[in-house]
Every structure is written in C-alpha cells, then in structure tokens.
*Asks:* 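First, the structure itself, so that you have it in front of you.
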There are 2 protein chains.
Amino acid sequence: MARTPRNTLSSELIVRTALDLMECKGTDGFSLRGVAAELGVGPMALYTYFRNKNDLYDAVRDHLMALLPAVPEDAAWPDQVRSVCRGLRLLMLQHPCLAQLLAGRPLSGHETARVAEGLLGVLRNAGFEPEVAARTHTTLFTYVLGATSWEIQMAAERRDPEAWRRLRTTMESLSAREFPTVVELAPELARTTGGDEQFDYGLDLLLAGLRVRTPS
Amino acid sequence: MARTPRNTLSSELIVRTALDLMECKGTDGFSLRGVAAELGVGPMALYTYFRNKNDLYDAVRDHLMALLPAVPEDAAWPDQVRSVCRGLRLLMLQHPCLAQLLAGRPLSGHETARVAEGLLGVLRNAGFEPEVAARTHTTLFTYVLGATSWEIQMAAERRDPEAWRRLRTTMESLSAREFPTVVELAPELARTTGGDEQFDYGLDLLLAGLRVRTPS
DNA sequence: CACCGTACTATACACTGTACGTTATCGGAG
DNA sequence: CTCCGATAACGTACAGTGTATAGTACGGTG
C-alpha cells in the first residue's frame, strides 16, 4: 500500500504547506484535504498535529506574525507606533490571508503576544497610563485590521474583471439627484480605497489625536 | 407531490428568511439549503431570485443598511460624524452577521450608497475638499468596521466557554519575563476589547485629529 | 524477540453550493 | 372557456467540505 514512512510530517511542515496553499489558492480555495494531498497523505493525518481546522489557522497566523520585525529602539514614540502599524499592514499585504486569520479568530499564540508586547511597551514608555495604553493599543490594532482588510478586499475585487465591471456599472447607475455627493466624489472614492497615502492619512489622524493627550 | 403554489416566493421573503437564519444560527451555520428548508422549498428554488450565495449576501446587507437612520440635520459636523459612526456600530452589534457581510464583499446597493451619501455630505458641508472628504470617509468607515468586527468577534469568543477558558489559560501562561507589559496590562486589555467607551475613545482620537485639519 | 503507543490510513457521514434537465402551473392570447 | 408558452419550483446529481470512528503497520523500548 506504499504507506508513507513514519515521521515525515510535522507541525512546521504542515503549517508551511498550508500557508503556501492559502497564498496561491486564496483563503476560500484552501482546504485540509488540499494540504493533505499536497503532502501526499490522507486527510486525517493532519489531525495528529492539529485538533481541527481552526487550530491550523491559529498556527499559520502565529507563523506569519513571527515575520514582523522588532520595534526600532531609537525613535520617538509616534514614529515607533507608525513603524509597528505600517509593519503589520505590510505583512498583511504580502500575505493577504493574514487579514482573515486575524479578523476571524481571537488573538493567541506566542508571536502574536510578542507583537502586542512591542506596541504596548512603546505606549507605556511614552508615559500613557495602563488603561489608556490598552485602549490605544486596541484602537490602533483595529484600525490597521479594518483599513488593511478593506484595502485587500478592494484590490481583490479590482483584479476580478467581472466583479469590477459590475461594480463600476452599479456605481455609474446611481442617480445623481438622489446621491449627489457620492456621484461627485466617485473618482476620489475609487482612489482612496487603499494605498500607502490612504493608510497613513488615517494613522496620522489617530496620532494627531493622541498627541493632544500626550502625558507631560 | 404537494408542489408549492407558484408565487409564494419573492426576493423580499427570501432575504428576510436568510437574515433570520443568520441571526439565530450565525453566519457560519447559515446555508442556502437551510433557507430553502425554512421556506419549505427545494434548494434550487432560490436560484430564480439570486444568481448565487454571494448575491443573496449582498441583498441581505442592503436590507440591513436600510435600517440606518438619516443623519441629524441640526448638529455640528463632528456630532453628525459621531452619530453616523455610532449608528453603524449599533446596527452591527444588533445584527452581528453584518460585520462579515460588510467586510467580505464590496460595497454596492442602493441603501449602502445612501449611507455613504450621508457621511460624505456631512464632510463636504463641513468644508473639506473632495479628496480629504473621500479619505476621511474611508478612514472612518474602516475604523468602524475593524473596531466593531473585533468587538463582535471577542464577544462571541467570551460566550463560548470552551474557547474562553483556553484563551484565559494561554494568556496566563505567558512568561512575565518575556512579555512584561502584556502580562501587566492583561486586565486592562480584557476590558478594552469592546464597549461604548472603547469605541468612542478611538472615534474621538480620529475626530480630534480631524479638528486640527478643519477648514476655516 | 515481543510489545505497545502512535503516526498514518480507510471508510463513512452529514453537510455544502450549484449545474442540469424536467414538470406543473399560471397569466394572457385566441 | 380553452389553450399555450413562459417560468417558478422540482429532483437528481456531482464534486467538494470537515471530521468521527475504527483499523493498521511501524518504531522505539522492554
């Protein structure tokens, strides 16, 4: 029966294969059976290493989070915050599946904690009280998550010609009498669905708001 | 064979049934077959009204967006912005499926455009240039989306005792030497995963940042 | 050598979305 | 009133999915 030898599998290997599959087939096209097939193994073999699909998702997420660089030591805190947020966005853009892995599951895992530690440390060192630091951390994280998820979603839509055409036509069919501002700003809206500038704009708004509350 | 009479179905009815099912079984437990069964009809009957599952999702999203109230006329623009953002969050909390419906698909549909028109109008009337208005709109929308999705996700996690217990234990098993700040702020972090205060904190940061750029 | 835990396999179930071809019903034309 | 064609709903089928359960062969240990 050409049974595969005994210790060919490992969590590491499975996670890497899963990640590869997600990147090339998209999070939707991803399946446990696909990973197993890629590894030349029955679907149930994976259950030796992961209790279910969600556990594998968590492992892949932590695997990706490990790629985030450490916070730069010698910089003013607003620049450190910017650096962390931009880093996370960049990683999400490089690995679009990360958006759904972050949004759909709670934060857990060693590397994920490392990232939180970095940002929280920056805020505490800047002099923010514990509660304000925590609130700010959540705000920044959810902003990055929302903005970048949206950006990725929009980019994907733009790549699918059918969906893109339908979107354009429905946009253009909007009554200029009923929705004058939307129609007027349609080009601007199309331009601001993503990109570095758009991301930094929102980030700078948050930082400007934070500056007002900066502790002495 | 007791075939169901001819015009018992309609887009309206299907959308309402789909929404009911999503609310009580969650977006994951939702299925076309479930909707069809609820209506006492074969699965394929729905395809007369919707080309596929995603089309039905879009219809449900627009159906929900129709529930958003209009922007209050007599108020300063920051309060108008607050009102729109809070309204959207509230709607997402009342209908948790809306989070995934907004995040996973592009914006389209009449009611969705209405909401965008409201917010964009406020910003334009406040004197913001077209590009700034568009950028601000995207920023606000993605903040609300990210913050509220996260809040919903966390609340769901807290409701599942098994998942919640596992989360607590992994949190507590984090080395205080390696992650001092995370461990120190664990209670604050747990408290700031959602709630009106947390949402308003981030929203006020954005508005404070905006005030700096307010046109004369 | 015998043994046992465990890494992997096989089979099976209850689902999913949806493509295809059929049939019965109803509104309108004659 | 009768008839007919469009079409709403049907049944069947397919290629998938995650995973529960039970079985099997291999590797390290006694």
Side-chain angles (χ1 to χ4, degrees), chain A residues 1-22 24-61 97 100-101 104-105 160 162-163 166, chain B residues 1-61 97 100-101 104-105 156 160 162-163 166:
Chain A
M1 205 22 129
R3 182 176 271 249
T4 66
R6 261 212 129 185
N7 286 317
T8 48
L9 259 50
S10 74
S11 315
E12 252 298 291
L13 183 58
I14 294 176
V15 165
R16 275 212 312 276
T17 312
L19 179 56
D20 282 356
L21 233 72
M22 280 187 202
C24 104
K25 317 234 326 178
T27 314
D28 287 351
F30 168 83
S31 73
L32 290 186
R33 297 174 112 103
V35 176
E38 185 74 24
L39 291 165
V41 139
M44 294 314 289
L46 308 180
Y47 282 79
T48 308
Y49 299 89
F50 300 96
R51 300 189 312 158
N52 50 45
K53 201 187 185 187
N54 281 340
D55 269 27
L56 178 53
Y57 278 152
D58 289 349
V60 172
R61 172 165 51 66
C97 57
Q100 278 169 260
L101 294 178
R105 315 249 338 125
D160 177 1
E162 166 64 14
R166 285 213 298 145
Chain B
M1 210 10 144
R3 184 178 267 248
T4 65
R6 254 201 139 195
N7 285 317
T8 49
L9 259 49
S10 74
S11 316
E12 252 297 292
L13 183 58
I14 295 176
V15 166
R16 274 212 312 276
T17 311
L19 179 56
D20 282 357
L21 233 72
M22 280 186 202
E23 307 232 305
C24 102
K25 317 234 327 179
T27 314
D28 288 349
F30 168 84
S31 74
L32 289 187
R33 297 174 111 102
V35 177
E38 185 73 23
L39 291 165
V41 139
M44 294 316 288
L46 307 181
Y47 282 78
T48 307
Y49 299 89
F50 300 95
R51 299 189 311 158
N52 51 44
K53 201 186 185 187
N54 281 340
D55 269 28
L56 178 53
Y57 279 152
D58 289 348
V60 172
R61 171 165 52 67
C97 56
Q100 276 168 262
L101 294 178
R105 316 252 331 129
D160 177 1
E162 166 64 13
R166 285 214 297 145

*Asks:* What pairs with A:Asp20 under salt bridge (Lys or Arg N to Asp or Glu O under 4.0 Å), at least two apart in sequence or on another chain?
*Replies:*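 In terms of salt bridge (Lys or Arg N to Asp or Glu O under 4.0 Å), with neighbours along the sequence ignored, A:Asp20 is linked to no residue.
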*Asks:* Using the test ring-ring contact (aromatic ring centres under 6.0 Å, His included), find all partners of A:Phe50 that sit at least two apart in sequence or belong to another chain.
*Replies:* none
*Asks:* Roughly, in whole Å, what's the span from NZ in B:Lys25 to P in C:dT16?
*Replies:* 8 Å
*Asks:* Would you mind reading off the distance between A:Asp28 atom CG and C:dG17 atom P, rounded to a whole angstrom?
*Replies:* 13 Å
*Asks:* Please report the distance, rounded to the nearest Å, between CG in A:Leu9 and P in D:dC26.
*Replies:* 16 Å
*Asks:* Considering only nitrogen or oxygen atoms on both sides, find all protein atoms under 3.5 Å from nucleotides 15-21 of chain D and state each distance.
*Replies:*
residue	atom	partner	partner atom	Å
D:dT17	OP1	A:Ser31	OG	2.7
D:dG18	OP1	A:Leu32	N	3.0
D:dG18	OP1	A:Lys53	NZ	3.2
D:dG18	OP2	A:Leu32	N	3.2
D:dG18	OP2	A:Arg33	N	3.4
D:dG18	N7	A:Arg33	NH1	2.4
D:dG18	O6	A:Arg33	NH1	3.0
D:dT19	OP2	A:Tyr47	OH	2.6
D:dT19	OP2	A:Lys53	N	3.0
D:dT19	O5'	A:Tyr47	OH	3.0
D:dT19	O4	A:Arg33	NH1	3.2

*Asks:* Round to a whole Å and report the spacing from CZ of A:Phe50 to P of C:dC8.
*Replies:* 12 Å
*Asks:* Of all residues at least two apart in sequence or in a different chain, which pass the salt bridge (Lys or Arg N to Asp or Glu O under 4.0 Å) check with B:Arg16?
*Replies:* B:Glu12
*Asks:* Looking at SG of B:Cys24 and CG of B:Leu19, how far apart are the two atoms once the value is rounded to the nearest 0.5 Å?
*Replies:*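 Output value for this atom pair is 10.5 Å.
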*Asks:* With sequence neighbours left out, what residues match A:Tyr57 under ring-ring contact (aromatic ring centres under 6.0 Å, His included)?
*Replies:*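 A:Tyr57: ring-ring contact (aromatic ring centres under 6.0 Å, His included) contacts with A:Phe30.
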*Asks:* Across the strands shown, which category fits B:Ala45 at heavy-atom distances under 4.0 angstrom: base, sugar-phosphate, nothing?
*Replies:* sugar-phosphate
*Asks:* Return each pair, listed once, that meets salt bridge (Lys or Arg N to Asp or Glu O under 4.0 Å) where at least one residue sits in residues 38-51 of chain B; pairs must be two or more places apart or across chains.
*Replies:*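 Of all non-adjacent pairs touching residues 38-51 of chain B, those that pass salt bridge (Lys or Arg N to Asp or Glu O under 4.0 Å) are B:Arg51-B:Asp55.
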